[in-house]
Number of protein chains: 2
Amino acid sequence: MKIIIVDDDILVSTSLKTIIEANEGFEVLAVANSGEDAIKLYHEHQPDILLMDIRMEKMNGLQAAEEIVKTFSHAKVLFLTTFADDEYIIKALKIGAKGYILKQHYNCIIPALNAVYSGQVVFGEEIMNKLPSVMSNQVNKKNYQDFGIIDKEFQIISFVSKGLSNKEIAKELYLSEGTVRNYISIILEKLELRDRTQLAIFYFNHLL
Amino acid sequence: MKIIIVDDDILVSTSLKTIIEANEGFEVLAVANSGEDAIKLYHEHQPDILLMDIRMEKMNGLQAAEEIVKTFSHAKVLFLTTFADDEYIIKALKIGAKGYILKQHYNCIIPALNAVYSGQVVFGEEIMNKLPSVMSNQVNKKNYQDFGIIDKEFQIISFVSKGLSNKEIAKELYLSEGTVRNYISIILEKLELRDRTQLAIFYFNHLL
DNA sequence: AGATTCATATGACAATTGTAATATTTTCTT
DNA sequence: AAGAAAATATTACAATTGTCATATGAATCT
């Protein structure tokens, strides 16, 4: 199994290399210490698995992975990181990462690599536990900004998506009911929707 | 690593046993051929991992797992099944299964067992690909049945939750608009909601 | 100061929605 | 076939919603 390790902390990447190469059948083709490096080395070596940290200076692991997957759609990226950060998890899932595990469980690395190599997708247990809440709570504001939704509008959207009526939203935001209506009217137009129900649905579909 | 295998097809379970025991460090403590059996054997042996089929006569794997997890909350259940059935996946996730992989990839079993043993959660790639759609489309009907929602009503709920107007739903279901309105009125009362937007929200919150 | 933009508001209107009471039709039961 | 239960429909009404055109006041710019 040919692996490339990416981590901007040389201490980490070398000890990873040691751990991995202590096992039969594992070969570390290269060690990168930045996202850019990772991309370059991936093109050169085309490893079976890319074992990558997320938080790195300049280009982070997620960006690098995204770039790589664009070219090599079958690339297997296993993220190895310190924090189970919601945003990272979401992004990793979106990119189609084959795994997301925490560094602290170093004894998990070999089994995870094996599992990924054999075509599975692996999550650390902490990550798995977070998945449901991540999926249902995290809102990606960027989706809205893309449609030209401004902050106030977004606020209103989130009230609509909690099931409040115009009157209730107005009270909540110290606006007149008419103003709220106007806002919603504009939001609907921007999002090309017809009514508040579709708006709430849109909201829920853009979770994650 | 101590394992119990559960499959009502003896051919499958014995060949699994052979495959697993061919590897160093794996021990198959027992083989069950039904859900009830699995529960009994789990209590007796308390294995590290329960490798279980889902579809079985009488008590299926999911029910058995649920029962077992109730008593042994740390139980590690790895489902090994033929189909990536949406409902099964959801249920497995809910129970807190540590993995869900497909039988056809028999070479994945050992890596998966290792990964689960080391505390990770493993999904076959097909399963992983299905996750997003499963999460956002599959509804657990039981939640609705609890509220006394009948099939027709449920149908309407799902249309509302797609953003259709009463008129559109009526056309879709070959009913009059008034009838649809009546249905919704009753649904709202049953669910103690106020309007279709809250209904859609309810729907999305009861996904999974 | 004058012009412009922005946030908020108003009023009038039509469409949609939710409710309730009652009717009609279909299906099931025996 | 008669009666009960269900599914579907109708009507009328009130409330909410979405749209639009326009107004007001405050903040910003030059």
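Quick caveat: nothing in here was measured; it's all calculated off a predicted structure. We name chains A, B, ... by the order of the sequence lines, and we start the count at 1 in each one.
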Using the ring of each side chain (for Trp, its six-membered ring), is B:F72 parallel, tilted or perpendicular to B:H43, with breaks at 30° and 60°? perpendicular
Judged by modelled atom types alone, do B:E125 and B:H105 share a side-chain donor-acceptor pair under 3.5 Å? no
Measuring from the side chain of A:R196 (C-beta onward, heavy atoms only), which nucleotide among C:dA7, D:dT19, D:dT17 has the closest atom? D:dT17
Step through the shown structure and confirm whether more than 12 heavy atoms of other residues, nucleotides or ligands are within 6.0 Å of NZ on B:K171. no
Rounded distance (Å) that lies between atom P of C:dA14 and atom CZ of A:R181: 15 Å
Atom-to-atom span, CD1 of A:I187 to P of C:dA7 - whole angstrom: 13 Å
Send over the distance from B:I184 CD1 to C:dT16 P, rounded to a whole Å. 14 Å
CG of A:L193 versus P of D:dT19: gap in Å, rounded? 10 Å
With a 3.5 Å cut-off and just heavy-atom distances, do the side chain of A:N182 and the base of C:dT10 make a donor-acceptor pair? yes
Output the rounded distance in Å from CZ (A:R194) to P (D:dT16). 21 Å
Hey, are the side chains of A:V77 and A:I68 touching, using non-hydrogen atoms and a 4.5 Å cut-off? no
Rounded to the Å, how far apart are A:Q198 CD and C:dA15 C1'? 15 Å
Is there a residue in residues 159-177 of chain B whose heavy atoms reach under 4.0 Å of DNA chain D, and which residues are they? B:L175, B:S176
Mind checking whether A:I3 and A:Y117 have side chains closer than 4.5 Å, heavy atoms only? no
Does B:Y183 make a side-chain N or O approach to OP1 or OP2 of C:dG18 shorter than 4.0 Å? no
Tell me: CD1 of A:I186 to C1' of C:dT8, nearest whole Å? 11 Å
Examine A:K162 relative to A:F159 and say whether NZ or CZ is less than 6.0 Å from the centre of the six-membered ring and inside a 45° cone about the ring axis. yes
Verify the neighbour count for atom NZ of B:K190: are there more than 12 heavy atoms of other residues, nucleotides or ligands below 6.0 Å? yes
Report the distance from atom CG of B:D195 to atom P of C:dA15, rounded to the nearest whole Å. 21 Å
